[in-house]
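Notes to accompany the following structure.
Remember, it's 1-based here, ligands and their atoms both numbered in the order they're listed.
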Amino acid sequence: MRRIFSGVQPTGNLHLGNYLGAIRNWVHLQQDYEDCLFCVVDLHAITVWQDPTQLRASTREVAAAMIAAGIDTEKSIIFNQSQVPAHAELAWIFNCVARMGWLNRMTQFKEKAGKNKENASVGLFAYPNLMAADILAYKGTHVPVGDDQKQHLELARDIAQKFNNDFGVDFFPVVEPLIFGEATRVMSLRDGSKKMSKSDPSDQSRITMTDDADAIAKKVRKAKTDPDALPTSKDGFEGRPEAANLMGIYAALSGQDLAQVIQDHGGHQFSQFKQDLADLMVDKLQPITTEMRRLADDPGYIDGVLKRGAEKARALSEPIMAEVHDIVGFLRP
Ligand code: TRP
């Protein structure tokens, strides 16, 4: 059986990188996999401080984006992590399976904790264990993620294997990453060498899923470029991260491969290409952002979707967790 699990954090405004790198790919996966679980990972969010009111709003915004982008709430399961107890429970068990040394190697922890490691939350350190639990509480087999999550998935495989080994069982599956091609990594509009991010202080660095047509056009027009014309081959991206990023975004949004975009737009001036890119962006994003705005006015509907999703997720995780209890040696109620 093949089962998809993926997650997005409800932290701050969703942006184009979240859409192209994650949510949009999930929409396509629904056709090819029997079960798909798409999770708003609020437990992960609180590994760094979140304002409670803001967290609630962001959780609903991410769910709205999934629905607006075309995730089918009948076919797939959309839910928020904290409504299903298996995540936190299995994460605890994995805290006792994973080794300190494994987690000490995680580059995302080093980046997020920064200089002051002593002051990072214990949750931030154990973050990858919770991620492994997310997937394995459902015996997920395939996990679509961006490049930056590959190391965490490797760890999930190690945890599953060690659990199976320690207890002498063949229980958890080996998780396969699904890494997507063009523009899984959308870069900042102000600096083509940095990832587009919710935490960048400059709002000009990202296109958010709440930007209207005007805001999109303005941000694209102001995006950083260099003085040369667009490259006419992939080799021309050498030392030109902004050209690579903008053309990559164009490819992802238009559904073309990069070679095609280079063929059609190579040699053009940035000013002209930016116009084309802004038009394409508005064209592709407008229907989604409009629907997101409509859903934002109906939080009761979103909460209902999340509640039903959580019920379905609980029903899948409960028998798996019951077996985990038996394997570990916990008495069952
Ligand atoms: N860590 C992922 C991110 O920041 C989000 C995430 C949490 C996730 N749990 C997951 C992704 C399980 C895939 C599977 O992008």
Pair Arg185 + Asp147: basic N to acidic O under 4.0 Å: no
Residue, atom name and distance, where the atom is the protein heavy atom closest to atom 9 (N) of ligand 1: Asp134 OD2, 2.7 Å
Ligand-side contact atoms (ligand 1) for residue partner Gln9, heavy atom cut-off under 4.0 Å: 4 (O)
His44: numbered ligand 1 atoms lying under 4.0 Å from its heavy atoms: 7 (C), 9 (N)
Nearest-contact summary for atom 5 (C) of ligand 1 - protein heavy atom, Å: Gly7 O, 3.5 Å
Proximal ligand 1 atoms for Ser6, defined as those under 4.0 Å from one of its heavy atoms: 13 (C), 14 (C)
Arg332 bridged to Asp326 by N-O distance under 4.0 Å: yes
Check ion pair Glu311-Lys307 (N to O, under 4.0 angstrom): yes
Ligand-residue contact atoms, ligand 1 with Val145, heavy atoms, under 4.0 Å: 11 (C), 13 (C)
Residue, atom name and distance, where the atom is the protein heavy atom closest to atom 2 (C) of ligand 1: Gln149 OE1, 3.4 Å
hydrophobic_cluster_shared for Phe172 and Leu130, side chain cutoff 4.5 Å: no
Interfacing atoms of ligand 1 (cut-off 4.0 Å, heavy-atom, Val41): 7 (C), 9 (N)
pair Met187-Lys194: side-chain heavy atoms closer than 4.5 Å: no
Polar contact flag for Tyr127 and ligand 1 (N/O pairs, less than 3.5 Å): yes
Shortest protein heavy-atom distance from atom 14 (C) of ligand 1, along with the residue and atom involved: Val143 CG1, 3.5 Å
Charged tip of Arg2 within 45° of Tyr33 ring normal and under 6.0 Å: yes
Numbered atoms of ligand 1 (with element) below 4.0 Å of Phe5, judged on heavy atoms: 12 (C), 14 (C)
Over-ring placement of Lys139 relative to Phe171, 6.0 Å and 45° cut-offs: yes
Salt bridge flag under 4.0 Å for residues Arg56 and Asp42: no
